Structures are given as C-alpha cells and as structure tokens.
Amino acid sequence: QGTHTTIAADGSVYVSSTYNQDFTFAEKVTENPDEWTSASIVKYNAKGEELWAVTMEGSAIVYALDTDADGTLYAAGSFLSGVTYTGTDGVSTKITSEGVYSAFIAKISADGVFETVKAITPAVNEEIASKMGDPWDMGFESPLYTMWDPIYVTPNKIQVDGDKVYVSAK
C-alpha cells in the first residue's frame, strides 16, 4: 500500500512508499525514531540512479503522483493527526488535523523541495448530525456506518494539466 510511481518528461522516475524503520537512499540515512508508518517519495534519474528522498513523517500514505512539464512533482495522500514534511533542503513543515484522517496535496520541486502543502480536513456538519440522533437509540443492533465513525478523505488520483491540478477522492 502506498507504492505509486510516475515518470517525468525527462525520464526521471518518482516512487512513493511507506516505511516504519530507518532507511538509506542516495547515500543518505533517513531515521524514523517514532517507528510510525510514515511515507516517502524517492527520485531516480532516467538511468535509474538514486537522486533523493523526501519524507512525510507521521501516520501518512501517498495515494497518487503526477508531474508537470517542468518536472515539478505533485503528490496526494492522507494522514492521521499530524505529519511533518521534510524536503531535500532539510526544511521541515508540520501540519496537524486534530485527530482526524485528512488529505494532503503537496507540490515538490524537481530538486526535492516542498514548495506547497495543503491539507484537507473533513468535518461533520453539526446541524445535520444533531437531527440524526444516536443510532443506538433508534434500535440498530450494529450500524454499518454512523456519523460517529471516522471520516476519511482519501485521494485516489491526481492529474496535472497545464497550470491546473485535479485531485479526486473517495
């Protein structure tokens, strides 16, 4: 899960994966002190040589990748509670979502620098929820889904078209 690939116009290959222990890529050690299942994206050049790795430390997974004509990478995925994005420049940015499963869309330069990261945090409409009542009070033995279950935003595809980025989710 979380292993996705995309190929840039110059033949570079980007691969996402998850990790729960330290790993080495392009002669750089990436540590995982909390042993969370975190996400990473690695880049190979057209010859298959290792170039760099970027990380999304925390409970994170990448579901889709795409590039634009300049080789800028766009990644869409999800995370629980919070995630720290660290690019090749060593700059780390943390985004939190207060304990819910949220989605992210990241723009990463061809050199592995996180340029922009946007989070999408789901929310329950309290006005609608208050009218539904508790399913246990309605005589349900085991509701299959209720508004009290976690709400997920799971991106499943990302596509770059010119200066627009399209993301679909389920």
Side-chain angles (χ1 to χ4, degrees), residues 1-34 36-98 100-123 152-170:
Q1 185 174 0
T3 304
H4 299 280
T5 61
T6 193
I7 300 171
D10 69 357
S12 297
V13 178
Y14 297 94
V15 181
S16 68
S17 67
T18 56
Y19 65 97
N20 61 5
Q21 60 188 10
D22 298 354
F23 72 92
T24 302
F25 189 86
E27 300 181 13
K28 180 183 174 222
V29 176
T30 297
E31 296 180 0
N32 189 18
D34 295 332
W36 283 93
T37 299
S38 299
S40 68
I41 300 172
V42 299
K43 181 179 181 180
Y44 298 90
N45 66 17
K47 295 178 184 179
E49 299 165 332
E50 298 177 352
L51 295 180
W52 52 252
V54 297
T55 59
M56 291 139 275
E57 187 177 328
S59 184
I61 191 164
V62 175
Y63 288 107
L65 299 170
D66 198 12
T67 59
D68 64 16
D70 297 328
T72 301
L73 176 67
Y74 296 83
S78 62
F79 65 96
L80 173 63
S81 297
V83 64
T84 301
Y85 302 87
T86 305
T88 56
D89 59 355
V91 174
S92 295
T93 303
K94 183 168 186 164
I95 293 179
T96 59
S97 64
E98 300 182 27
V100 297
Y101 293 92
S102 298
F104 68 84
I105 302 167
K107 179 180 179 182
I108 306 164
S109 75
D111 295 325
V113 175
F114 281 94
E115 295 180 2
T116 306
V117 179
K118 300 289 184 185
I120 303 161
T121 303
Y152 300 86
V153 176
T154 307
N156 59 353
K157 187 170 184 176
I158 189 166
Q159 184 172 355
V160 180
D161 184 11
D163 63 350
K164 300 204 183 318
V165 177
Y166 300 94
V167 178
S168 62
K170 55 181 178 171

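Since the structure is predicted, the reported quantities are computational estimates derived from the model, not experimental observations.
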Checklist line | side-chain contact (heavy atoms from CB on, under 4.5 Å) against T37, all qualifying residues, sequence neighbours excluded | finding: T18, N20

Next item on the list: Search all heavy atoms of N32 against all heavy atoms of Q21 and return the closest pair with its distance.
Entry: ND2-N, 3.6 Å

Next item on the list: Please list, chain by chain and in numerical order, all residues satisfying side-chain contact (heavy atoms from CB on, under 4.5 Å) with E31, sequence neighbours excluded.
Entry: D22, V29, P33

Check: Does D163 have any side-chain contact (heavy atoms from CB on, under 4.5 Å) partners at least two apart in sequence or in another chain, and if so, which?
Finding: none

Next item on the list: Could you pull out all residues at least two apart from Y19 that satisfy ring-ring contact (aromatic ring centres under 6.0 Å, His included)?
Entry: F23

Note to self: Tell me which pairs pass side-chain hydrogen bond (donor to acceptor under 3.5 Å, both in side chains) where either residue lies in residues 49-61, with sequence neighbours left out.
What the structure shows: N45-E49

All N/O donor-acceptor pairs, side-chain side in residues 103-115, below 3.5 Å, sequence neighbours left out:
from, atom 1, to, atom 2, distance (Å)
S109, OG, D111, N, 3.2
S109, OG, G112, N, 3.3
S109, OG, V113, N, 3.1

Item checked: Verdict with reasoning, I41 to H4, per side-chain contact (heavy atoms from CB on, under 4.5 Å) -> CA-CA 9 Å; I41 300 172; H4 299 280; over 6 Å; no

Notebook entry, point to check: Rounded to the nearest 0.5 Å, how far apart are OG1 of T30 and NZ of K28?
Noted result: 4.5 Å

Note to self: Ignoring hydrogens, what is the shortest heavy-atom contact between D66 and V160? Give both atom names and the distance.
What the structure shows: OD2-N, 2.8 Å

Note to self: Minimum heavy-atom separation for P155 and A76, please, with both atom names.
What the structure shows: CB-CB, 3.6 Å

Item checked: side-chain contact (heavy atoms from CB on, under 4.5 Å) against T96, all qualifying residues, sequence neighbours excluded -> K94

Checklist line | Pairwise side-chain hydrogen bond (donor to acceptor under 3.5 Å, both in side chains) hits with a residue in residues 84-93, at least two apart | finding: T86-S92

Next item on the list: Report the distance from atom OG1 of T67 to atom CD1 of I158, rounding to the nearest 0.5 Å.
Entry: 10.5 Å

Check: What pair of heavy atoms forms the shortest contact from L65 to V62, and how long is it?
Finding: CD2-CG1, 3.8 Å

Item checked: Residue pair N156 / A169: nearest heavy atoms and the distance that separates them -> OD1-N, 3.6 Å

Margin query: With rounding to the nearest 0.5 angstrom, report the CD1 to NZ distance, I95 to K118.
Written below: 9.0 Å

Next item on the list: Compare every heavy atom of L73 with every heavy atom of T6, then report the nearest pair and how far apart it is.
Entry: CG2-CD1, 3.9 Å

Check: How far apart are the C-alpha atoms of Y74 and Y14, what are their side-chain angles, what is the distance that settles it, and do they pass the ring-ring contact (aromatic ring centres under 6.0 Å, His included) test?
Finding: CA-CA 10 Å; Y74 296 83; Y14 297 94; over 10 Å; no

Check: With T121, which residues qualify under side-chain hydrogen bond (donor to acceptor under 3.5 Å, both in side chains), at least two apart?
Finding: S102

Check: How many angstroms lie between atom CD1 of I61 and atom CG of L80, to the nearest 0.5 angstrom?
Finding: 12.5 Å

